[in-house]
Every structure is written in structure tokens, then in C-alpha cells.
Amino acid sequence: MRANICSPNLGSVDQAPAATILHADLDAFYASVEQLLDPTLRSRPIAVGGGVVLAASYEARARGVRSGMVGWRARQLCPDLTFVGGHFAEYQRLGDEVMGVLRDFTPLVERVSIDEAFLDVAGSVHLFGAPSTMAAAIRAQVRGQVGLPLSIGVARTKHLAKIASQVAKPDGLVVVDPAEERRFLDPLPVALIWGVGPATGARLAASGIRTIGELVSTSPEVLERLVGRANGAKLGRLASNVDLRGVETARRARSMGAQAALGRRRPTPDLLATTLGYLVDRVAGRLRAAGKAARTLTVRVRFRDLRAVTRSATWMEGICATVTLTEQALALVQAALADHPGEAEITLLAVSLSQLVDEGLVQLELPLGPPGGRPAGPRPGSPAEAARRATDRSLDVVRARFGRAAAGYASVALSGDARVPEAFRELAERGGEEYGGP
DNA sequence: TCTGGGGTCCTAGGACCC
DNA sequence: TCTGGGGTCCTAGGACCC
């Protein structure tokens with residue numbers, strides 16, 4: 001019907017638009033890799049991590065184990081659960097290898113995370129056959145060549161393909177015929193919609209909206225009242241499957257951050273300086289490696305009850321010097337703590353850089369400095385600032401050759417009680433510009 | 001006995017400018 | 001001197017995703 005209305009002059013009016021978007025998603029990725037590397041772990045409930053479950057095998061999920069769950073709780077639910085240390089370098093290598101397989105079928109691959117990607121195969125059907133045929137071939141090749149289970153959803157839009165791959169899991173393939181979209185979507189729970197989490201799901205459920213079909217038949221006004229204007233509109237678009245964004249092979253990062261959980265600690269000057277020095281050191285190094293500088297710095301402090309506060313500062317020019325950013329982060333955290341004098345302990349510190357600009361655009365002289373009224377500002381373009389950048393560049397070079405531990409600022413010497421392996425941090429931080437295609 | 005680390009996007013309110 | 005509307009930018013907080 002839609003085709004008849006929209007394109008009455010095309011010869012293919014009666015032909016439904018083709019389902020050429022694939023969403024490929026590796027099943028229980030970290031856990032599957034562990035089972036691949038150690039055959040004795042296969043078909044057993046395992047969890048990657050220790051204090052917190054980073055990933056659980058399907059055998060463990062069947063017992064209620066979920067990622068993000070604390071270790072003691074997971075063991076409680078599943079006493080024969082095996083915890084395995086993460087082979088983080090292997091996750092990266094195998095994830096990359098799978099992406100290589102995908103790119104053998106089309107250059108239009110949008111990698112969204114280490115284990116997940118969208119493909120647009122419209123231009124490849126003359127080479128490899130129908131999208132469903134291609135999806136089956138990809139799954140077989142990933143299983144045969146890499147050894148990992150991969151689920152794929154095939155549909156007309158990215159969002160629907162993603163829902164289809166969720167339905168296909170584990171180790172399955174679901175193709176949604178364009179003529180069958182409503183019949184497929186309507187009975188599914190709203191939680192399958194990208195962007196519907198616990199809070200939104202609960203609000204919808206409170207109004208009796210549990211399935212995507214029920215969501216679609218809800219008026220825009222009611223939806224807006226429940227979840228806000230933009231969210232309501234977005235939800236409407238997704239549920240009625242009219243969101244037609246294409247596959248993007250390259251997306252640039254909009255922010256970079258680092259955080260550290262601290263247990264319960266009194267925020268002494270020493271703790272703040274050491275932790276912020278470490279966090280800024282990490283993130284500023286990535287910033288410079290990307291050739292960027294940041295105009296906005298945001299810090300986050302979490303208290304014992306998991307409530308968190310943020311403070312941010314924005315400058316006219318981008319900054320990328322470790323020392324300057326550390327000074328600023330410290331000032332912001334102290335300001336945040338001063339606003340919450342009743343909090344004796346903190347549980348997390350985070351640093352994030354945004355409003356990223358090309359480093360070449362950093363002005364070198366006569367800076368305007370920060371707008372008035374904010375923390376004593378650095379002078380991003382001052383000679384002192386240029387000297388700091390030169391120091392950073394030298395350190396970056398040394399580290400690139402000899403590793404992170406080879407050089408650094410004295411205050412950054414990392415305490416041995418790091419709660420998370422360095423390798424996991426390095427893996428997790430590959431979420432930005434590295435993804436998005438060859 | 002209360003959760004890791006790295007991201008994206010949205011909202012509401014205020015400052016400021018035209 | 002007061003009033004109004006619209007746009008842009010910034011800040012703080014929150015929901016969500018992998």
C-alpha cells in the first residue's frame with residue numbers, strides 16, 4: 001500500500017522493499033571465546049570476570065547468571081559456576097577476525113562494538129545471492145574459520161535487524177520478510193526495542209504497555225506524557241519501524257573517558273591527586289593519539305549510596321596536556337565535594353573529555369582563556385601550555401615504543417590494588433574511532 | 001551484601017544575544 | 001524602562017547500550 005502511494009511511477013510498485021540489512025552478533029562473546037580456547041569449559045556454566053560477571057555462558061544464563069552481577073550472587077544462583085580469567089587480547093583478535101569475515105561479503109560494515117556489526121548487503125546480492133543466503137554463509141564461515149557461534153538478523157531496517165538477531169539467539173538466523181514486519185514485531189516485548197531499559201520499561205508497563213504492538217497503538221500524546229517528547233517520538237519511530245538510518249562505516253568519537261571504582265575511600269588530597277592523575281593520563285594519551293584536544297572536561301564522583309554528581313568546565317580552546325587537564329579535574333572534583341560536605345566516603349571517580357577538536361586547531365598564542373566565573377583556568381595557548389604538550393609528546397613516543405609503564409608522571413604510579421586488569425581497560429576503550437570500518 | 005569500564009543521547013534550566 | 005520571542009551554548013543529571 002505504501003509503495004503504491006509513494007511511488008506510483010516506478011515499475012516495481014508492487015514489489016516490497018528488500019530486506020538487505022544484517023545485524024551480526026556473536027553469542028556470549030567473552031564466554032564463547034573462553035570455551036573455544038579451553039574445550040573442557042564447553043557446555044558448562046562459566047563466567048568471565050571475578051568480582052563482577054563480565055560475561056556468562058548460555059549454560060550459566062540458564063541458571064540466572066547475568067553480566068554485571070556480583071560474583072557472590074552468581075555463585076549463589078549457580079554453585080558449579082566456573083569463573084575464568086579473561087584472555088582479553090584473544091577477544092580483540094577474534095573479534096577483529098570475525099569482522100574480517102563480514103567485510104568479505106560487503107565493505108558496508110558498521111561495527112558497533114567488539115562483537116557486533118550491521119551490514120548493508122544490497123550491493124552484494126549479485127555476488128553472493130539473497131541476503132538470507134549470505135547470512136547463512138557468514139554464520140557457517142565464522143563457525144568454521146573462527147570457531148564461534150554468531151547470530152544474525154536480516155530485515156529492511158537496522159533496528160528491525162537488531163531485534164531479529166536478538167530473537168535468533170543463541171546461534172540462530174532470523175529473516176524478517178518486509179511483508180511480515182508487523183506480524184513479527186507486534187507480539188514482542190517492548191524491552192527488545194533499542195533504548196527501552198528498566199526505567200522506560202517500567203513506566204510503559206505501568207500503563208499496560210508490554211508489547212511492541214501495544215506500543216504502536218498508543219497515541220503520540222500518551223507516549224510523550226509517559227517518556228518525554230524526544231523519547232516518545234523515537235519510540236514511536238522504532239516501534240512502527242520507520243527509522244531508516246543507513247549503515248555508517250565510520251563514526252568519530254564524540255567523547256573519551258576513564259573511570260575507576262575505589263571501594264569505599266575517604267577523598268583525601270592524596271587519593272584524589274593519584275587517581276585523577278592516573279585517569280587523566282590514560283584518557284589524555286588516547287586524546288593525543290587521535291590528534292584531538294578537548295574543550296570540555298567532566299568529572300564524576302560517586303558516593304556510597306551510588307548517587308553520583310558531575311561537574312564540568314568548557315573552554316574556548318581545546319586542551320590536551322596531561323598536567324593541565326589533571327589540575328582542572330582536581331579543581332572540579334574538589335568543587336563537587338565541597339557541595340556535598342556530608343559525604344565522608346566516595347566510591348568512584350570518573351573523567352570524561354568531550355567537544356573534541358582537532359589538535360591542529362589549538363591556538364598557540366593570545367588565548368582568551370576560560371569564560372569568567374569558572375575554576376582558575378589554564379591558558380590553553382600559553383607558552384607554558386605548549387611546553388606541557390611537548391613533554392606529553394615525548395612521553396607518548398617513549399610509551400609507544402616501550403609500553404605504558406616505561407614512563408609517566410611521578411604522581412601516576414599506579415597503586416597495585418587496581419580492581420580491574422589493565423588489559424580489560426585497554427579492551428574496553430576500543431569503543432570509539434577504532435571501530436567503524438577499514 | 002549493593003555493581004566494572006567505556007560510551008551515546010536527551011532534558012531542563014539558565015545565561016546571553018538579537 | 002519594560003516586555004516578548006527565538007536561538008545558541010553551557011551545566012547537571014539521567015537513561016541506556018555493549
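Side-chain atoms are counted along with the backbone in the values below, which use heavy atoms only and exclude waters and symmetry mates. Order of the sequence lines fixes the chain letters, A, B, ..., with proteins taken first and strands second; residue numbering starts at 1 for each chain. Computed from a prediction, not measured in an experiment: that's the story for all the values here.
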Residue pairs involving residues 293-314 of chain A (criterion ring pair (Phe, Tyr, Trp, His ring centres under 6.0 Å); sequence neighbours excluded): A/F303-A/H340
B/dC9 phosphate, OP1 or OP2, under 4.0 Å from A/R254 side-chain N/O: yes
Note: A/R311-A/D339 ion pair, threshold 4.0 Å (strictly below): yes
Closest-nucleotide ordering on DNA chain B, the 5'-leading residue of A/T347 and A/W72: A/W72
Atom CZ of A/R302: over 12 foreign heavy atoms under 6.0 Å: yes
A/H159: ring pair (Phe, Tyr, Trp, His ring centres under 6.0 Å) partners, not counting sequence neighbours: none
Euclidean distance, atom CZ of residue A/R237 to atom P of B/dC9 [Å, nearest integer]: 13 Å
Atom pairs, protein N/O to nucleotides 10-12 of chain B N/O, distance under 3.5 Å:
residue	atom	partner	partner atom	Å
B/dT11	OP1	A/A230	N	2.7

Sugar-phosphate, base or nothing in reach of A/S352, heavy atoms under 4.0 Å: nothing
Separation of atom CZ in A/R251 from atom P in B/dG6, rounded to whole Å: 19 Å
Separation of atom OH in A/Y30 from atom P in C/dC18, rounded to whole Å: 12 Å
N or O in side chain of A/S255 less than 4.0 angstrom from B/dT8 OP1/OP2: yes
Acceptor/donor pairs from residues 191-214 of chain A side chains to any protein atom, 3.5 angstrom cut, sequence neighbours excluded:
residue	atom	partner	partner atom	Å
A/R203	NH1	A/L226	O	3.4
A/T211	OG1	A/D186	O	3.4
A/T211	OG1	A/E214	N	3.1
A/E214	OE1	A/R210	N	2.7
A/E214	OE1	A/T211	N	3.0

Rounded C1' spacing from B/dT1 to C/dC18 in Å: 26 Å
Touch class at under 4.0 angstrom, heavy-atom based, for A/Q355 against every strand present: sugar-phosphate
Members of residues 299-307 of chain A that approach DNA chain B, where some heavy atom sits under 4.0 Å away: A/R302, A/L306
Spacing between A/R111 atom CZ and C/dC17 atom C1', to the nearest angstrom: 16 Å
A/R264-A/T347 side chain donor-acceptor pair, cut-off 3.5 Å: no
Counterpart residues, side chain to side chain donor-acceptor pair (under 3.5 Å), relative to A/T157 (two or more places apart): A/N241
Touch class at under 4.0 angstrom, heavy-atom based, for A/R73 against every strand present: nothing
Show each protein N/O and nucleotides 13-16 of chain B N/O combination with a separation under 3.5 Å, one pair to a line.
none

Pair pattern of DNA chain C in dot-bracket, where unpaired bases get dots and | marks partners in another strand, Watson-Crick or G-U under 3.5 angstrom: ....||||||||||||||
Ring pair (Phe, Tyr, Trp, His ring centres under 6.0 Å) partners for A/Y91, two or more places apart: A/Y30, A/F88
Any residue meeting side chain to side chain donor-acceptor pair (under 3.5 Å) with A/R295, in chain and number order, not counting sequence neighbours: none
A/E110 CD - C/dC17 C1' separation (whole Å): 14 Å
Sugar-phosphate only, base, or nothing, as touched by A/V53 at under 4.0 Å among non-hydrogen atoms: nothing
Whole-Å gap separating C1' (C/dC18) and CE (A/M69): 17 Å
Modelled atom types, side-chain donor and acceptor of A/T268 and A/D270, under 3.5 Å: no
From CG (A/L36) to CZ (A/F29), nearest 0.5 Å: 10.0 Å
Sugar-phosphate only, base, or nothing, as touched by A/A350 at under 4.0 Å among non-hydrogen atoms: nothing
Atom-to-atom span, CZ of A/R425 to P of B/dG5 - whole angstrom: 5 Å
Separation of atom CG in A/L348 from atom P in B/dT3, rounded to whole Å: 11 Å
Closest non-hydrogen atom pair, A/P79 against A/R63: CD-NH2, 4.1 Å
Residues forming a ring pair (Phe, Tyr, Trp, His ring centres under 6.0 Å) with A/Y58, sequence neighbours excluded: none
Where A/E116 and A/M99 come nearest, the two heavy atoms and their spacing: N-CE, 3.7 Å
5' precedence on DNA chain B between A/G257 and A/L54 (nearest-nucleotide basis): A/L54
Listed partners of A/T296 passing side chain to side chain donor-acceptor pair (under 3.5 Å), at least two apart: A/T314
